[in-house]
Undergrad: 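Got a structure here, written out as C-alpha cells. Questions coming.
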There are 2 protein chains.
Amino acid sequence: MESSISQTEENYLKAIYKIQERASKPASTNAIAAAMSTSAASVTDMIKRLSEKDLVNYERYRGVTMTKDGQRIATTLIRKHRLWEVFLVEKLDFSWDEVHDIAEQLEHIQSAELIERLDEYLEFPRFDPHGDPIPDADGVFTHRKQVLLGEMSANEVGVIVGVQDHTSDFLQYLDRMELTLGTEIKLLEKYAYDDSVKILLSNDKEIVISKKVSQHLFIQKEFLEK
Amino acid sequence: MESSISQTEENYLKAIYKIQERASKPASTNAIAAAMSTSAASVTDMIKRLSEKDLVNYERYRGVTMTKDGQRIATTLIRKHRLWEVFLVEKLDFSWDEVHDIAEQLEHIQSAELIERLDEYLEFPRFDPHGDPIPDADGVFTHRKQVLLGEMSANEVGVIVGVQDHTSDFLQYLDRMELTLGTEIKLLEKYAYDDSVKILLSNDKEIVISKKVSQHLFIQKEFLEK
DNA sequence: ACATATTTTTAGGCTAATCTAAAAATTTAT
DNA sequence: ATAAATTTTTAGATTAGCCTAAAAATATGT
Ligand SMILES: [Mn+2]
Ligand SMILES: [Mn+2]
Ligand SMILES: [Mn+2]
Ligand SMILES: [Mn+2]
C-alpha cells in the first residue's frame, strides 16, 4: 500500500492546507495555482491525482477540501519545515531571512525517527524563528493569543511574537529597526492621517512605523500579572 | 547557464565516480546499472544525457569516464553525504548502521552555505562514522595509510579505522563484538585452514573472527614512535 | 434575465526517467 | 576464424508533471 507520495504532491498538499487554514471554504483551483506558481490546468491535473489517493475531496468546479490523511501529511510537512528552520537558526547561525528556501527542501526528507530526534535535540521548540507554531507529532498546533500591532490602541504594551510577512525584505527591515522577536514595545500614538504608529522600544527609543509594517507584526499583549 | 542537475543525475554521477575510483578503466553500462539497481537501457539513456551536459565522456560500447565538472559534482555529493552522517551520529545519536539511507536523501539538499556551516558546526571532521574520508570543499580527500586486517601478520598491532562493508548486518555484528572504530587490536594468530584470525582487544579479550570479517576491516598499523 | 467576465476543465503536447524486447556490437571460447 | 555468449544500444511504451489554447461551466453586472 502506502502508494508513496512525491515531493510535488507534498508541496501541493501544504499549499492547499495553508489556503484552507484561513479561508474556511474549499480551496479554488486558481488560489492553488497562484500558491504553487503554476497553471490552473496543472492544478486540475494534480487535484485529480490527489483525489484518487484520497488525500483531498474534489468536486468539479467546486474546489477542494482536505481529507484527514491529507491534513496529516500537510501538518507533518509544516512540522518538519519549522523544526529545520529552528535548527538552521539556532545551531547553524543562519539569520531568520535565510532559512526558508533551505527548509523548503529539508521538509521532504523521509524519516519519522529523524524528525523526532531533531525535535529532542532542539529541546522541543514550540515556535519557529518567525514565531509560527510548530505542530506536535499529532499535528496539534500551540495556540497563542496575539493581535496585529495595527489593531492595538494607544498605551497598550506587548511583545513581538511573530510576523505575517516572511519576505527577506521585511525581515531585514525588522532587523535594522531592532524589531526582532521578543522585543517589548509600547504603542504610543496612532496617526489617523496615514495609520502609521509611534512605538516605544525597551531601549527607550521611539520610532514611527508605517501602516504596512504594523499590519505584519504579531504582538502578544502584556497584562498586569506580569 | 547552470542547466540544473536532477537528484537522479547526481546519484548516477556518484555511482560512476565510485566505480571509477577503484577500477581505473571506464565504467561499464552494466556496472552502473548494477550500482543503480536499474536496467542497462536506462543507463545508456542517462549516460547520453550526462554526456550532453559534459559531465561524462562517453563513446558507444566503450563505457564512460568523468569530466572535471562531473567529478566535482560527485565529490561534493560525497562530502555532503558524509558530513550529514557525522551530524546524525554525533548530534542526533543515531548509530552508524542507521544513517546511510537518511544521508542518501540529505546529500541532495542544495545550499553551499548550508554545507560549509554544517562542516564548521561539526568542527571540520575528516572522516565519517564508517571511517571514510570526507573530501574538503575542493574535493580533496585525506589519505590515510591503512591495511585490511586480513593482510596483517601475527603480532602486528593497530587501530580499527574503517569498514569495507557498510551493511547493517556487518555494522551491528561489529557493535556486538566491540570492534568499533578506534578499537586497538593485536593480531595473535592466523589459521591457515580457513583464514580466520585470533585477535587481542585492549580489554584483554581474545576473539576469533572469520576471513570474511577480516577482509572488511581497515586497520591503521601502530609503530614504535607511538 | 441575459450578456459579459471569470474560473475551471479538457485536449493535445512536451520532457525526464523508467521499463521490456529486439537488434547490434563486442568479447570469449573452441 | 568463426560460433556462441555477453554486453550494449535501439525501439517503442508508460508515467508524473508540466505547458498552451480552446471549450465549458459558473459568477457578475445591468
Ligand atoms: Mn517543499
Ligand atoms: Mn518559518
Ligand atoms: Mn542520493
Ligand atoms: Mn559513510
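A note on names: the letters A, B, ... follow the listed sequences, proteins ahead of strands, and every chain is numbered from 1.
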Undergrad: If I take atom NZ in residue B/K53 and atom P in nucleotide C/dT15, what distance separates them, rounded to the nearest angstrom?
TA: 14 Å

Undergrad: With sequence neighbours excluded, what pairs up with B/S39 under the side-chain hydrogen bond (donor to acceptor under 3.5 Å, both in side chains) test?
TA: B/S42

Undergrad: Please work out which of the three classes, parallel, tilted or perpendicular, describes the rings of B/F141 and B/Y17, given edges at 30° and 60°.
TA: parallel

Undergrad: Check every strand shown and say whether A/T44 touches a base, only sugar-phosphate, or nothing at a heavy-atom separation below 4.0 Å.
TA: base

Undergrad: Figure out the NZ/C1' separation between A/K25 and D/dA27, and round it to whole Å.
TA: 12 Å

Undergrad: Does a side-chain N or O of A/Y58 approach OP1 or OP2 of C/dT8 to a distance below 4.0 Å, or not?
TA: no

Undergrad: Across nucleotides 18-25 of chain C, 5' to 3', mark each nucleotide with B, S or - according to how protein heavy atoms within less than 4.0 Å reach it.
TA: BBB---BS

Undergrad: Assess whether a salt bridge exists between B/D69 and B/K53, defined as any Lys/Arg side-chain N lying under 4.0 Å from an Asp/Glu carboxylate O.
TA: no

Undergrad: Hey, are A/E156 and A/K221 close enough for a salt bridge, meaning a charged N less than 4.0 Å from a carboxylate O?
TA: yes

Undergrad: Between B/K48 and D/dT10, is there a contact of a side-chain N or O with OP1 or OP2 at under 4.0 Å?
TA: yes

Undergrad: Rounded to whole Å, please give me the gap between CD1 in B/I47 and C1' in C/dA17.
TA: 14 Å

Undergrad: Look at B/E116 together with B/R79 and state whether they make a salt bridge at an N to O cut-off of under 4.0 Å.
TA: yes

Undergrad: Rounded to the nearest angstrom, tell me the gap between atom CD1 in B/I32 and atom P in D/dT9.
TA: 9 Å

Undergrad: If I take atom CD in residue B/E10 and atom C1' in nucleotide C/dA16, what distance separates them, rounded to the nearest angstrom?
TA: 15 Å

Undergrad: Between atom CE in A/M36 and atom P in D/dC19, what is the gap in whole Å?
TA: 10 Å

Undergrad: Cut-off 3.5 Å, side chains only: do A/N11 and A/H108 have a donor facing an acceptor?
TA: yes

Undergrad: Pick the nucleotide of DNA chain D nearest each of B/N30 and A/R62; which residue has the one closer to the 5' end?
TA: B/N30

